[in-house]
Amino acid sequence: MRYFTKELWLKINDNDESIRTQAEKEWNTNSLTYQQQFMETRKYLSRGFAKSYLSRNGLHDYTVLGMLITKREQTYCCDLQLSNGEETVLIAMVGIKALLVDIDSFHCCVQGKLAWGYSEFEITPGNNVKLSVLCDEQNEMQFEFEKIRLIKQ
């Protein structure tokens, strides 16, 4: 994550008001910078995915219910099932090139559930899309793929 980092999230929740204030300023600056970058990256996402993703506030605070990695013919796929309590969605990624699930501990999870906090999309040098997800103050996931869909279940 470049813009919405673990370190910055920790500072936003710090007990010291001056640290929180400075972190919030940095967060707001990073948000504006990322929005500009996302407008370029969005061109690599399908219109349907982008519309569904943005209409759900970037899936912020959805709970990760499950992850399934499969091999279909010569390509790997990853399905993430998420819910916000009112709806369940599936993020289907095809042509997985790289995957990192860095879950150090579940003790930081909100109410004991792994939640989708903040996410960033970027284009890799190989012209694939990379999705980075900050799940909570310590856990992160990254996916590099060719195609992505969001399906309401």
Side-chain angles (χ1 to χ4, degrees), residues 1-13 23 27-28 30-153:
M1 304 280 294
R2 282 192 205 171
Y3 304 97
F4 308 114
T5 66
K6 297 175 191 179
E7 296 78 18
L8 192 53
W9 197 355
L10 283 170
K11 288 179 184 177
I12 285 176
N13 293 301
W27 188 275
N28 291 337
N30 288 1
S31 292
L32 291 173
T33 304
Y34 176 68
Q35 285 176 14
Q36 293 170 347
Q37 184 236 298
F38 180 72
M39 294 312 291
E40 289 300 313
T41 306
R42 187 175 176 176
K43 297 173 188 175
Y44 290 80
L45 302 170
S46 73
R47 186 175 298 151
F49 174 82
K51 182 178 178 183
S52 293
Y53 173 81
L54 293 171
S55 72
R56 290 173 172 85
N57 194 28
L59 302 172
H60 182 71
D61 285 343
Y62 275 62
T63 299
V64 178
L65 300 178
M67 177 187 302
L68 178 64
I69 300 167
T70 57
K71 187 172 184 183
R72 298 180 196 148
E73 297 177 13
Q74 298 300 315
T75 189
Y76 282 93
C77 303
C78 181
D79 294 338
L80 287 174
Q81 188 179 40
L82 308 166
S83 178
N84 67 354
E86 295 176 16
E87 74 168 350
T88 300
V89 298
L90 182 75
I91 296 178
M93 293 170 274
V94 177
I96 296 289
K97 303 298 180 194
L99 175 103
L100 171 70
V101 178
D102 184 10
I103 299 177
D104 186 46
S105 171
F106 288 100
H107 84 277
C108 285
C109 295
V110 179
Q111 297 179 345
K113 298 177 182 176
L114 186 63
W116 186 288
Y118 300 95
S119 53
E120 298 176 8
F121 287 92
E122 64 183 287
I123 303 306
T124 67
N127 283 330
N128 293 306
V129 179
K130 180 179 177 183
L131 168 61
S132 299
V133 181
L134 185 58
C135 299
D136 52 46
E137 294 172 348
Q138 290 188 356
N139 300 313
E140 187 174 344
M141 299 185 287
Q142 295 178 4
F143 308 90
E144 184 179 334
F145 53 88
E146 294 174 354
K147 296 179 184 175
I148 189 169
R149 293 183 307 148
L150 193 147
I151 305 157
K152 185 174 178 179
Q153 294 191 303

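Residue numbers count from 1 along this sequence.
Asp102 contributes atom CG, which lies 7.0 Å from atom CG of Asn139 (distance to the nearest 0.5 angstrom). With rounding to the nearest 0.5 Å, the separation of NZ in Lys130 from CD1 in Ile123 is 11.5 Å. Within the model, atoms CG of Leu45 and CZ of Phe121 stand 5.5 Å from one another, a figure rounded to the nearest 0.5 Å.
For residues 34-49, the set of pairs meeting the salt bridge (charged side-chain N to carboxylate O under 4.0 Å, His left out) definition, not counting sequence neighbours, comprises Glu40-Lys43.
The aromatic rings of Phe38 and Tyr34 sit tilted relative to each other, their planes meeting at an angle between 30° and 60°.
Applying the ring-ring contact (aromatic ring centres under 6.0 Å, His included) criterion to Trp9, with sequence neighbours excluded, gives Tyr118. For Arg2, the side-chain contact (heavy atoms from CB on, under 4.5 Å) partners are Glu120, Glu122, not counting sequence neighbours. Applying the side-chain contact (heavy atoms from CB on, under 4.5 Å) test to Arg72 and every residue at least two apart in sequence or in another chain returns Thr70, Cys77, Asp79.
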> When you look at Tyr3 and Leu8, which way does the side chain to side chain contact (heavy atoms under 4.5 Å, CB included) test go after all the steps?
Replying inline: CA-CA 9 Å; Tyr3 304 97; Leu8 192 53; over 6 Å; no
>> Between Leu99 and Tyr76, does the side chain to side chain contact (heavy atoms under 4.5 Å, CB included) criterion hold? Intermediate values first, please.
In response: CA-CA 10 Å; Leu99 175 103; Tyr76 282 93; over 6 Å; no
> Going through the distances and angles, do Ile69 and Met67 end up as a side chain to side chain contact (heavy atoms under 4.5 Å, CB included)?
Replying inline: CA-CA 7 Å; Ile69 300 167; Met67 177 187 302; 4.3 Å; yes
> Given Cys135 and Ile103, is the side chain to side chain contact (heavy atoms under 4.5 Å, CB included) satisfied, shown in steps?
Replying inline: CA-CA 9 Å; Cys135 299; Ile103 299 177; 5.9 Å; no
Would you list the atom pairs, donor with acceptor, under 3.5 Å between side chains in residues 55-65 and any protein atom, with sequence neighbours excluded?
residue	atom	partner	partner atom	Å
Ser55	OG	Lys51	O	3.2
Ser55	OG	Ser52	O	3.0
Arg56	NE	Glu87	OE2	2.5
Arg56	NH1	Ser52	O	3.2
Arg56	NH2	Glu87	OE1	3.2
His60	ND1	Gly117	O	2.5
Tyr62	OH	Asn84	ND2	3.3
Tyr62	OH	Glu87	OE2	2.6

Please tabulate, for side-chain N and O atoms in residues 142-153, each donor-acceptor pair with protein atoms closer than 3.5 Å (sequence neighbours left out).
residue	atom	partner	partner atom	Å
Gln142	NE2	Glu140	OE2	3.2
Glu144	OE2	Thr124	OG1	3.4
Glu144	OE2	Asn128	ND2	3.3
Glu146	OE2	Lys97	NZ	2.8
Gln153	OE1	Gln81	NE2	2.8

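With hydrogens and angles disregarded, no donor-acceptor distance shorter than 3.5 Å links the side chain of Thr5 to the backbone of Met1.
The two atoms that bring Phe4 and Leu134 nearest to each other are O-CD2, 3.2 Å, heavy atoms only.
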